Amino acid sequence: MLLVWDFPAAAILRGMAKKGAPPASVTLRDSLSGQALVGTGRVTYHLRDCVGEGGQGWAFRARWNHPEGVVVLAKVLRPDTVSLEALRRFQQEADVLRMLSMQPNPHVVRFYDHAVAQVPFAGQTIALPFTVLEFVNGPSLEQVLRTSGALAVVRVRRILRHVGQGLETVHQQKVVHRDLKPSNILLSTEGGQEVAKVTDFGLVKLAELNLVRTASLAGASIGYAPPEQYERGNQRVSPRTDVFSLAAVAYEMLSGRPAFPFSDGENPLVVVTRMLNGPRPSLVRIQTALPRELARRPEKLAAIDAVLAKGLAADPAHRYDGVRTFVNELDAALAPIEDAENVPRSLVSPFEATAPTDPGIVTGEQRSLASLGAGTGEQRSLASLGPGTGEQRSFAAASHEPPAFVPVVSPSGPPLSQKVDNLDTLPYGRPLRFSETVASQPSSWKFAVVARPPRPLGLRAAAIASSGEVAAVGAVGALVWDRGLWQPIALPRDIDPRAIRGAFWADGRDIVLYGHGSLVAVVSPRGTVTRVPVARPGVEFCGAGRAPDGSVWLVGEEPYRGSLTRSVPLGATAGVAVRLAQGRLDPFVECPDASRLLGVAVVGNEVLACGDRGALVRIHADRGELIGTLCHGNLYAISSLPDGQAVTVGAGGHALLVNERRAGQLEAVQTTRDLVCLSVAPDGSAWAGSASARLVRRSAGSWLRMTGELPTQANVVALSANESMVRAVLDDGALLEGRIVA
């Protein structure tokens, strides 16, 4: 039964378009960020950034029942392209996921809620259906295959087992997925293990219910959907349908190429004809193009091909009767191939690629506080270092020398800094000089993880000083990197470590900590922590930047304090900025036209801030002036260029040049991941960091992806660059280093 929904929402959007306004759907989408949708049981979902967009809806990162609650995924049906069929599928997916949630499986994305939200928009209230699901923090299999090609056999076997287990639960509930493909298989890392999860149940068939029949080509994913899915009425669709799709995915993981390739614009019926009458995909026929571990075992390929051929049989009656049988048969055929010792670790999984080669050997420099478990005196846990105890070492107490960003021996080999001829070329000594022709080529750069704690630290943010010192904040509190170890900063009892959002290096080696609850604190080089009084309650500081005089600008948001005559949503916020100088805060600068400011920099003689929904703000002595909206996504960081211009980056891989007139010019970027941090080298080259350890470098107005396949999938939270070197801090506590080796 369909939820009641008002189609006038679509009419409102059409009406706005007729008035010559910006695309109404875009305006609606952007207006949802920051709003709270009310679900069943009065649970609220606080929408943050839009992390995905399709023809039928938007996907938002959201927080469960509190602005700082558990992260979930909210899928909102967009009204401008809605139809009865789209609404039916959206409702059907929610019904199926709700049913599957009664028998939860870790390899099926979990369902939480489905409701219709009443949302204020354009002076009216419109109803938007939405579904709340588990947020899987990881790439899809499609993204992995696109960047890595064929996967290692050990990884293929694991993903097959996970997907097979998920589908088996689905089939036990008399449900057929019907749309299994790499983009609908998500890969996350949980408890140090890669976990595959099946998602997107919008095209399912309930085997024992009389649903509306699907048209002959409706919804079928070319190259993965078997021939019976194109038949009118789908009478032969069954669990064997998903066996075919899983076999096609397995062939692609092993070979790096689709089982049934097709070109853009090709008639789908031609592809179906090849599926019906053409030869089955074969690893033997492409042996020379296979990864080495498969190519060197030709005597085993025929057995693998036999299993794949039966799984990919055109007639469902000739296929395996269930996914368990297929997965078991293929797993047995692949077992003799597995040779993990000779497989590049980057092809195995993000977790295994960064795991120590010998877990039993941990050098003194490789220890971190995250690894200190209960036991001997040397194995005290971080939690045991309570406030006020003698065991709390300040970062200066470890030695009389300043802490430095010291490369340590990485699990995969010697530190990269030992691979250059002159160690004086460290980034905070004398950088090497290369032409832009060389520096702009990804092939000129070599990257390596030069330090990694044995267990992830869960860092929220970090900062690298110009001298190379590193500070970070996360689930374990505030830390500094000291002689190959993360060391805790002893915090006073009135500072909740969970409230710290970021850290920033001020002049004189002071560290400024900032965050929720109007938190501002200064950590001196001796480790003394002094909280700075903030007269305005309820401020959340989100970003920081240095002024030429050594003071620090802080930006963020606070509850909207404007005139009550202005119509603002309940719980609306306004951007704020304030300067910290000599341990005191200047008067606050308000910017009511921007809901939240996330980054700040001094550009020329002006203080510029960026924030939610692409806001660019000029900070005056007494007010914040909204210069304009540069893009629809949030902008997370901004940095000045030597020529008086600036660059700013943000959600969805957005990067813009802010020219002297303070107009934004969108630049091409070779990633669609959120860019969250920036660093501009002395020569004017700019670097940005994002999820999955991706680094992009600005060259000739474009941002080129410089990192290929790396032995980590952690997210970049801070970076620092010069002309020939870049260093990054990852959210798991690892340190990544890149150098020009041309």
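Residues take their numbers from the sequence shown, with the count starting at 1. Just so it is clear, the structure is predicted and the values come from calculations on it, not from any experiment.
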Can you tell me if Asp731 uses its side chain to pair, donor with acceptor, with the backbone of Leu459 under 3.5 Å? no
Side-chain touch Thr325/Val243, heavy atoms, less than 4.5 angstrom: no
Would you say Leu675 and His654 make side-chain contact, with heavy atoms under 4.5 Å? no
Flag if over 12 foreign heavy atoms under 6.0 Å of CZ, Arg98: yes
Donor-acceptor under 3.5 Å (Arg274 side chain, Phe260 main chain): no
What are the two closest non-hydrogen atoms of Leu37 and Ala117, and how far apart are they? CD2-CB, 3.8 Å
When you compare the side chains of Thr241 and Gln229, does any donor N or O come within less than 3.5 Å of an acceptor on the partner? no
Any side-chain heavy atom of Pro67 sitting closer than 4.5 Å to one from Arg48? yes
Between the side chain of His107 and the main-chain N/O of Ala196, is any donor-acceptor distance below 3.5 Å? yes
Can you list the steps and then say if Asn105 with Leu100 is a side-chain contact (heavy atoms from CB on, under 4.5 Å)? CA-CA 8 Å; Asn105 186 303; Leu100 293 175; over 6 Å; no
State whether the side chain of Asp179 and the backbone N or O of Asp200 hold a donor-acceptor pair below 3.5 Å, judged by distance alone. no
Can you confirm whether Tyr251 sits close enough to Leu283 that some side-chain heavy atom of one is under 4.5 Å from a side-chain heavy atom of the other? yes
Can you tell me if Ser245 uses its side chain to pair, donor with acceptor, with the backbone of Asp242 under 3.5 Å? no
Asn715 side chain to Ser692 main-chain N or O, any donor-acceptor pair under 3.5 Å? yes
Name the atoms and distances for all side-chain donor-acceptor pairs under 3.5 Å in residues 130-137, with sequence neighbours left out.
unit_1	atom_1	unit_2	atom_2	d
Thr131	OG1	His114	ND1	2.7
Glu134	OE1	Arg110	N	3.0
Glu134	OE2	Lys197	NZ	3.1

Side chain Arg240, main chain Pro316, donor-acceptor under 3.5 Å: yes
His171 to Val323 - nearest heavy-atom pair and separation: CE1-CG1, 3.8 Å
Apply the test side-chain contact (heavy atoms from CB on, under 4.5 Å) to residues Trp64 and Tyr112: give CA-CA distance (whole Å), side-chain angles for both, the deciding distance (0.1 Å), then the verdict. CA-CA 10 Å; Trp64 171 282; Tyr112 292 119; 3.9 Å; yes
Counting N and O atoms only, with roles assigned by atom type, does the side chain of Arg280 sit under 3.5 Å from a partner on the main chain of Met275, one being a donor and the other an acceptor? yes
Rounded to the nearest 0.5 angstrom, the CG-CZ distance for Leu141 and Arg155 is 8.0 Å
For Tyr320, the ring-ring contact (aromatic ring centres under 6.0 Å, His included) test, sequence neighbours excluded, returns Phe326
Take Val109 and Leu73 through the side-chain contact (heavy atoms from CB on, under 4.5 Å) test and state the conclusion after the steps. CA-CA 10 Å; Val109 171; Leu73 184 76; over 6 Å; no
Considering all heavy atoms of both residues, which atom of Pro336 and which atom of Ala333 are nearest to each other, and what is their separation? CD-O, 3.4 Å
Donor-acceptor pair, Asp674 side chain versus Val676 backbone, under 3.5 Å? no
All pairs passing salt bridge (charged side-chain N to carboxylate O under 4.0 Å, His left out) where residues 26-41 contributes a residue, at least two apart: Arg29-Glu53
How close do Pro120 and Gln35 get, counting heavy atoms only, and between which atoms? CD-OE1, 3.7 Å
For residues Asn184 and His177, determine if any side-chain heavy atom of one lies less than 4.5 Å from a side-chain heavy atom of the other. yes
So do Tyr224 and Val249 actually touch side chain to side chain, heavy atoms under 4.5 Å? yes
Any salt bridge linking Glu142 with Arg146? Criterion: basic side-chain nitrogen under 4.0 Å from a carboxylate oxygen. yes
Find out whether Ile304 and Leu308 are in side-chain contact, i.e. whether some heavy atom of one side chain is under 4.5 Å from a heavy atom of the other. yes
Roughly how far apart are Asp321 CG and Ser238 OG, rounded to 0.5 Å? 9.5 Å
Please round to the nearest 0.5 Å and tell me the distance separating atom CG of Leu180 and atom CG of Leu167. 5.5 Å
Indicate the atoms forming the closest heavy-atom contact of Leu47 with Ala62, along with that distance. CD2-CB, 3.9 Å
Test side-chain contact (heavy atoms from CB on, under 4.5 Å) applied to Ile222 and Tyr230, step by step: CA-CA 10 Å; Ile222 307 300; Tyr230 299 92; 3.3 Å; yes
What's the spacing between Ser255 OG and Ile286 CD1 if we round to 0.5 Å? 4.5 Å
Looking at NZ of Lys310 and CZ of Arg319, how far apart are the two atoms once the value is rounded to the nearest 0.5 Å? 12.0 Å
Non-hydrogen atoms of Ser140 and Pro182 that approach each other most closely: CB-O, 4.0 Å
Short question: side chain of Glu293, backbone of Val153 - any donor-acceptor pair under 3.5 Å? yes
Is it true that atom CZ of Arg460 has more than 12 heavy atoms of other residues, nucleotides or ligands lying nearer than 6.0 Å? yes
Any Pro79 side-chain heavy atom under 4.5 Å of Leu128 side chain: yes
Return the CD to CD1 distance between Gln143 and Ile185, rounded to the nearest 0.5 Å. 12.5 Å
